[in-house]
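One structure is given here, and the rest of the page talks about it.
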Amino acid sequence: MYRAMESERPDALFRDPYARRLAGPRGEQVLATMPKGRAFAWPMIVRTAVMDELILRAISRDGVRTVLNLAAGLDTRPYRLPLASSLKWVEADFPDVIAYKEEQLKGERPLCALERVGIDLTDVPRRRALFGRLGAGAGPVLVVSEGLLIYLTPEQVGQLAADLALPASFRWWLIDLASPRLLKMMDKTWGPIVAAGNAPFQFAPAEGTRFFEAFGWREAAFRPTWDESLRLKRTMRLAWLWNLVGRLLPRAKREEWRRFSGIVLLQHS
């Protein structure tokens, strides 16, 4: 729904002609029942736009030949981004999600070579088999996991990171990362809703991207959500005031605020 809202603006940062169809009436209903649902659109829109940029940069600059989108959900990047037909794009998600998506997008043609895999990503043997198969194919590989890690435990994220580090061709991993303070804020607004749906917010490491170093990944780029929202002109009300207050903070506090939330590109180390 957030992608649909952005796409319908005259000054849209991106255009997703499939978003409203995929969201459907159920998506509109969900948005209407979420506290401050429309007010919180901006970080999701910023995340989408920044990830678009980083994906295209990894393909053009770093020679990525395969993109593996974990928990792809209703993402439509293979259809809407300017991708070469030679690029391989693999979407992995629950079988029912894959089935719904294929039904809704029947007759639409992706711009790249698209493969969909119905899989429970917590099934460790199956996901390792998937990673091994893709790792032996055309590389380098960029892994994308947008909006996934926050729902996993630190132990699950660590195991996933270790599994992704096994194939040598898995060179890059694009994620979004929350801080403990952001997690506490989200728990007060959307927390009860996601918990009721058996998907509580769980992962927001105090050590930030250093969490991943023990599993073979290091930070290659960090795009603070706040800074990017100002750059892209998609930010919260009274952003100018918060920005002014931020400039008056000590340097350590400013860095903490900068790391409040961000889009991160990790590199296989």
Side-chain angles (χ1 to χ4, degrees), residues 1-7 14 16-34 37 40-41 43-45 47-48 51-52 55 66-81 83 87-131 133-134 141-153 156-157 159-160 163-164 173-176 178 186 190 193-203 263:
M1 280 300 298
Y2 289 149
R3 293 202 308 273
M5 289 165 54
E6 177 64 22
S7 299
F14 53 81
D16 184 345
Y18 314 100
R20 188 167 288 279
R21 183 197 314 178
L22 286 164
R26 176 62 178 155
E28 295 188 24
Q29 180 185 2
V30 169
L31 180 61
T33 59
M34 294 177 70
F40 285 168
M44 305 299 183
I45 291 167
R47 184 178 75 185
T48 297
M51 283 194 164
D52 284 357
I55 289 169
T66 299
V67 176
L68 170 59
N69 192 352
L70 300 178
L74 304 183
D75 177 66
T76 61
R77 288 187 175 98
Y79 297 85
R80 65 177 183 80
L81 289 185
L83 304 173
L87 179 76
K88 183 177 181 63
W89 192 293
V90 181
E91 296 184 338
D93 211 321
F94 289 114
D96 59 335
V97 175
I98 295 293
Y100 172 79
K101 191 172 184 178
E102 289 182 337
E103 175 63 27
Q104 293 298 315
L105 294 178
K106 186 182 299 182
E108 304 291 348
R109 296 187 63 179
L111 300 172
C112 58
L114 176 61
E115 175 188 352
R116 293 195 176 101
V117 179
I119 183 175
D120 180 347
L121 290 169
T122 63
D123 185 334
V124 176
R126 283 202 64 201
R127 85 175 181 213
R128 285 178 178 170
L130 173 64
F131 296 170
R133 174 173 69 84
L134 296 177
V141 176
L142 166 68
V143 180
V144 179
S145 56
E146 181 179 8
L148 168 64
L149 300 189
I150 196 170
Y151 298 104
L152 304 180
T153 66
Q156 289 174 321
V157 174
Q159 190 175 53
L160 175 62
D163 288 350
L164 287 172
W173 185 11
L174 185 58
I175 67 172
D176 53 290
M186 293 175 67
W190 293 355
I193 293 176
V194 297
N198 199 30
F201 298 133
Q202 300 184 89
F203 184 70
I263 299 95

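The model shown is predicted, which means the values in this text are computed figures rather than measured ones. All values below come from the heavy atoms of this structure, side chains included, with hydrogens, waters and symmetry mates left out.
With a 4.5 Å cut-off on side-chain heavy atoms, Thr48 and Glu6 do not count as touching. Using a 4.5 Å heavy-atom cutoff, the side chains of Phe203 and Tyr151 are not in contact. At a threshold of 4.5 Å between non-hydrogen side-chain atoms, the residues Leu130 and Val117 count as touching. In this structure the side chain of Gln104 never reaches within 4.5 angstrom of the side chain of Leu74, judged on heavy atoms. By the 4.5 Å heavy-atom criterion applied to side chains, Leu134 and Lys88 are counted as neighbours. Taking 4.5 Å as the limit, every side-chain heavy atom of Phe131 sits out of range of all side-chain heavy atoms of Val143.
For Tyr18, the ring-ring contact (aromatic ring centres under 6.0 Å, His included) criterion is met by Tyr79, not counting sequence neighbours. Every side-chain contact (heavy atoms from CB on, under 4.5 Å) that Arg26 has, sequence neighbours left out, goes to Gln29, Val30. Remark: Arg77 engages Asp52, Asp75, Glu146 in a salt bridge (Lys or Arg N to Asp or Glu O under 4.0 Å) (not counting sequence neighbours). For the side-chain contact (heavy atoms from CB on, under 4.5 Å) test, residues two or more places apart in sequence or in another chain that qualify with Ser145 are Leu70, Leu148, Leu149, Trp173, Ile175. Every residue two or more places apart in sequence or in another chain that forms a side-chain contact (heavy atoms from CB on, under 4.5 Å) with Ala41 is listed here: Tyr2, Met5, Ile45. Scanning for salt bridge (Lys or Arg N to Asp or Glu O under 4.0 Å) contacts around Glu91 gives Lys101, Arg116, with sequence neighbours left out. Listed by chain and residue number, Arg20 satisfy the salt bridge (Lys or Arg N to Asp or Glu O under 4.0 Å) test with Glu28 (two or more places apart in sequence, or in another chain). Legend: residues meeting side-chain hydrogen bond (donor to acceptor under 3.5 Å, both in side chains) with Glu108, ordered by chain and number and at least two apart, are Arg21. For Phe94, the ring-ring contact (aromatic ring centres under 6.0 Å, His included) test picks out no residue, with sequence neighbours left out. For Phe40, the ring-ring contact (aromatic ring centres under 6.0 Å, His included) partners are Trp190, not counting sequence neighbours. Qualifying salt bridge (Lys or Arg N to Asp or Glu O under 4.0 Å) partners for Asp163, counting only residues two or more places apart in sequence or in other chains: Arg127, Arg128.
Remark: the backbone N or O of Ile98 is not paired with any side-chain donor or acceptor of Asp93 at under 3.5 angstrom.
Taken from CG in Leu111 to CG in Leu83, the straight-line distance is 6.0 Å, to the nearest 0.5 Å. Once rounded to the nearest 0.5 Å, the distance linking CD1 of Ile55 with CG of Asn69 reads 7.0 Å. If you take CG on Asp176 and CZ on Arg47, they are separated by 4.5 Å, rounding to the nearest 0.5 Å. Rounding to the nearest 0.5 angstrom, the gap separating the CG atom in Leu68 from the CG atom in Leu142 is 8.5 Å. Rounding to the nearest 0.5 angstrom, the gap separating the OG1 atom in Thr122 from the CD atom in Gln156 is 7.0 Å. Here the CZ atom belonging to Arg3 is positioned 7.0 Å from the CG atom belonging to Leu22, to the nearest 0.5 angstrom.
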Pair Met51-Ile263, side chain to side chain contact (heavy atoms under 4.5 Å, CB included): steps then yes or no: CA-CA 7 Å; Met51 283 194 164; Ile263 299 95; 3.8 Å; yes

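The nearest pair of heavy atoms linking Leu114 to Pro78 is CD1-CG, 4.0 Å.
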